[in-house]
Amino acid sequence: MFGCVVTGKPVLTAPQTVSESQCVFPLPYPETEVHHVVVFLTAPLPSADLAAAVYLGYSRSGSGDTAWIYLGHIHNDKPSAIFKITLPSSDTQTDHMFGVTSQPVGSSSLILGISAEPTHQVVQRTEAASSQVSTQESMRQFCEATLSNLQNYLLSFAVTQSQMTSQPNESFIPAAAFASWLGSFQRRLAQDPYFWRK
């Protein structure tokens, strides 16, 4: 009933059945090669009241446990979707979905899970996930604009060492030190827009 394609890889059409309403596709590729996944229906869902919720399972760092994140959904009126794969920097999602609590050593670290669920529940979950993503993106854009403005302001006072005059009550910070900190901050912000809360 379902198929999936990882960008640049062969089509997968033989999921492993977990229950009457759930199946999984172990993705036999390294995480670094999985950037986008297309999920599609190979046959219509049995009811218009059902949608297929799509989840990504991944190995938690430092343990064999599997964490799951909700990617989105497909249904009879929208029989395919492309999902961008971005693993979160912190593990805050639901465990033990699809009967998978850990993965054997040597297996793929990514699993695509599909669950037939009531359409209204899936649509609500999708709307909630979309608003969270837009909030995170807004936070990231605000931080980057603020930092860029601060950098421009500080560099407007820059002078060369030969132009410096002795001012015993003033402290000076090398521009390279600020640039190094800014680069580090931007990397952390790109990984987790809320890292500063920790």
Side-chain angles (χ1 to χ4, degrees), residues 1-31 33-61 63-104 107-141 192-194:
M1 182 173 289
F2 302 103
C4 74
V5 180
V6 173
T7 308
K9 305 294 182 186
V11 176
L12 303 174
T13 57
Q16 297 173 4
T17 302
V18 175
S19 71
E20 189 176 297
S21 63
Q22 296 179 329
C23 65
V24 295
F25 286 95
L27 301 178
Y29 315 112
E31 290 178 9
E33 293 180 15
V34 180
H35 305 288
H36 293 85
V37 175
V38 176
V39 179
F40 56 92
L41 294 174
T42 57
L45 292 170
S47 168
D49 295 331
L50 286 178
V54 181
Y55 299 87
L56 181 72
Y58 62 97
S59 295
R60 291 178 185 265
S61 53
S63 76
D65 290 343
T66 301
W68 294 90
I69 53 175
Y70 176 72
L71 297 177
H73 71 279
I74 58 175
H75 52 79
N76 289 339
D77 293 334
K78 180 187 158 199
S80 65
I82 300 172
F83 302 105
K84 181 175 169 57
I85 304 301
T86 305
L87 297 178
S89 59
S90 61
D91 297 325
T92 58
Q93 308 299 325
T94 308
D95 291 334
H96 311 296
M97 294 182 66
F98 303 97
V100 179
T101 57
S102 64
Q103 298 176 44
S107 72
S108 169
S109 60
L110 298 177
I111 301 173
L112 194 68
I114 300 175
S115 176
E117 300 175 12
T119 301
H120 69 278
Q121 289 178 356
V122 174
V123 169
Q124 288 174 347
R125 187 176 307 123
T126 301
E127 290 170 355
S130 295
S131 68
Q132 180 182 9
V133 168
S134 67
T135 300
Q136 288 179 346
E137 183 63 19
S138 295
M139 175 64 75
R140 186 190 62 75
Q141 289 174 348
D192 179 7
Y194 298 108

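Sequential numbering from 1 along the given sequence is applied to the chain's residues.
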| said: What verdict does the side-chain contact (heavy atoms from CB on, under 4.5 Å) test give for Phe40 and Val11, after you've listed the backbone C-alpha separation in whole Å, the side-chain angles of each residue and the deciding distance to 0.1 Å? | reply: CA-CA 10 Å; Phe40 56 92; Val11 176; 3.8 Å; yes
| request: Taking the side chain as every heavy atom from C-beta outward, state whether His36 and Ile82 have any pair of such atoms under 4.5 Å apart. | output: yes
| Under 4.5 Å between any side-chain heavy atoms of Pro46 and Met1, yes or no? |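 Yes, their side chains come closer than 4.5 Å.
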| query | Under 3.5 Å, is there a donor-acceptor pair between the side chain of Thr119 and the main chain of Asp49? | reply | yes
Just how far is it from atom [atom1] of [X] to atom [atom2] of [Y], taken to the nearest 0.5 Å?
| X | Y | atom1 | atom2 | answer |
| --- | --- | --- | --- | --- |
| Ile111 | Leu56 | CD1 | CG | 9.0 Å |
| His75 | Glu117 | NE2 | CD | 13.5 Å |
| Tyr29 | Lys9 | OH | NZ | 6.5 Å |
| Asp77 | Leu41 | CG | CG | 10.5 Å |
| Ser21 | Leu50 | OG | CG | 9.0 Å |
| Thr7 | Glu33 | OG1 | CD | 11.5 Å |

| task | Check the pair Phe2 / Leu45 against side-chain contact (heavy atoms from CB on, under 4.5 Å), numbers first and verdict last. | result | CA-CA 10 Å; Phe2 302 103; Leu45 292 170; 3.9 Å; yes
Nearest heavy-atom pair of [X] and [Y]: which atoms, and what distance?
| X | Y | answer |
| --- | --- | --- |
| Ala53 | Tyr70 | CB-CE1, 3.9 Å |
| Phe83 | Gly72 | CE2-CA, 3.6 Å |
| Leu112 | Cys4 | CD2-CB, 3.8 Å |
| Phe25 | Gly3 | CZ-CA, 3.9 Å |
| Ala52 | Ile114 | CB-CG2, 3.7 Å |

| message | Which residue is it: Val5, Ile74, Leu71? I am looking for the one with a side chain to side chain contact (heavy atoms under 4.5 Å, CB included) to Val39. | response |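 Considering Val5, Ile74, Leu71, a side chain to side chain contact (heavy atoms under 4.5 Å, CB included) with Val39 is found only for Ile74.
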